[in-house]
Amino acid sequence: MKNSLGIAAAFILAAAPCSAFAAGVTKSQIASAIEAKGYNVADENAKMLSVSVGEHRVVIAVDGSDADVSYMTFLNDVQLGDGGHKFLSKFNSEVKFGRAYVDRDGDVVIQMDRNSSGGVTLGNIESDFEVFLLLISKFLSDYQAQGSV
């Protein structure tokens with residue numbers, strides 16, 4: 001009996017429809033909600049939106065089997081010197097919900113992820129976006145306070 005329930009549960013999960021976003025939130029709903037806040041949003045591809053925020057471009061990406069949501073920005077104008085590793089390490093230890101790193105092209109990237117396996121609402125995504133903008137501001141403020149790192 002226990003095996004039959006396990007097989008039935010596995011079949012139901014396998015047959016369940018998958019959506020691009022958890023909790024039924026679509027990419028177009030996200031774009032509309034962020035545009036309503038006054039931001040310019042562009043559709044990059046099936047899994048990405050691009051948002052212009054001042055001089056920055058924020059990418060909102062949805063990927064993986066659980067439709068996890070990632071927020072990223074590339075700070076091409078930030079040049080880390082000899083103290084860059086120490087600066088990034090300190091920043092990452094202070095900020096628990098995001099991270100900064102240097103990508104393979106040498107650009108500084110700030111990224112924040114939301115695990116969506118339990119579901120996510122449009123309100124969660126809007127709130128996360130605003131938190132991510134604060135994360136960018138904190139990074140740039142810390143970077144400028146350090147002088148040339």
Side-chain angles (χ1 to χ4, degrees), residues 9-10 12-149:
I12 290 169
L13 287 174
C18 295
S19 65
F21 289 87
V25 177
T26 66
K27 193 169 81 166
S28 63
Q29 287 173 314
I30 292 170
S32 294
I34 292 175
E35 283 176 335
K37 293 185 176 284
Y39 298 105
N40 183 19
V41 179
D43 190 355
E44 291 293 321
N45 62 40
K47 296 181 180 182
M48 286 187 190
L49 294 170
S50 176
V51 184
S52 295
V53 181
E55 59 193 47
H56 303 290
R57 185 176 143 248
V58 175
V59 175
I60 301 173
V62 178
D63 202 9
S65 59
D66 293 328
D68 292 339
V69 181
S70 293
Y71 305 84
M72 293 173 277
T73 192
F74 299 85
L75 302 175
N76 302 329
D77 54 336
V78 172
Q79 300 298 317
L80 298 177
D82 293 336
H85 177 73
K86 184 177 178 181
F87 172 75
L88 289 177
S89 183
K90 183 177 186 290
F91 179 82
N92 288 331
S93 71
E94 293 174 353
V95 178
K96 302 299 180 199
F97 52 87
R99 63 191 167 283
Y101 58 91
V102 178
D103 70 4
R104 64 180 143 208
D105 294 329
D107 297 323
V108 174
V109 180
I110 299 180
Q111 183 172 347
M112 184 176 86
D113 300 320
R114 172 178 280 278
N115 180 332
S116 301
S117 63
V120 62
T121 67
L122 188 56
N124 294 138
I125 292 172
E126 289 175 304
S127 174
D128 288 348
F129 182 75
E130 294 300 326
V131 167
F132 185 70
L133 296 182
L134 292 173
L135 183 64
I136 295 169
S137 293
K138 177 177 176 23
F139 181 89
L140 292 173
S141 174
D142 290 358
Y143 172 74
Q144 291 167 352
Q146 294 288 317
S148 177
V149 292

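Quick note: numbers below take in every heavy atom, side chains included, and nothing from hydrogens, waters or symmetry partners.
Between T73 and F132, the shortest heavy-atom distance links the atoms N-CZ, 3.7 Å. What you find for L49 and A31 is that their closest heavy atoms are CD1-N, 3.9 Å. Residue M112 comes nearest to V131 through the heavy atom pair SD-CG1, 4.0 Å, listed as atom of the first residue, atom of the second, then distance. I110 and I136 make their closest contact through CD1-CA, 4.1 Å (heavy atoms, listed as atom of the first residue, atom of the second, distance). The shortest heavy-atom contact between S93 and K96 is O-NZ, 2.6 Å. Nearest heavy-atom pair, F91 versus F139, reported as atom, atom and distance to 0.1 Å: CE1-CA, 3.5 Å.
D105 places no side-chain N or O within donor-acceptor distance of the main-chain N or O of D107, the cut-off being under 3.5 Å. Although no hydrogens or angles enter the test, the distance criterion places no donor-acceptor pair under 3.5 Å between the side chain of K27 and the main chain of D43. A donor-acceptor distance shorter than 3.5 angstrom exists from the side chain of N92 to the backbone of A100, with no hydrogens or angles considered. No donor-acceptor distance shorter than 3.5 angstrom exists from the side chain of S50 to the backbone of A42, with no hydrogens or angles considered. For the pair S32 (side chain) and S28 (backbone), a donor-acceptor distance under 3.5 Å is present. Of the possible polar contacts, none joining the S127 side chain to the N124 backbone as a donor-acceptor pair under 3.5 Å is found.
In this structure, the side chains of V109 and V102 stay at 4.5 Å or more apart for every pair of heavy atoms. K138 is listed as a side-chain neighbour of V95, based on a closest heavy-atom distance under 4.5 Å. Between V51 and N40, the closest side-chain pair of non-hydrogen atoms is not below 4.5 Å. Between Y101 and V108 there is no side-chain heavy-atom pair separated by less than 4.5 Å.
Shown here is E94, whose CD atom has more than 12 heavy atoms of other residues, nucleotides or ligands within 6.0 Å.
Q111 and D113 form a side-chain donor-acceptor contact under 3.5 Å, judged by distance and modelled atom types alone.
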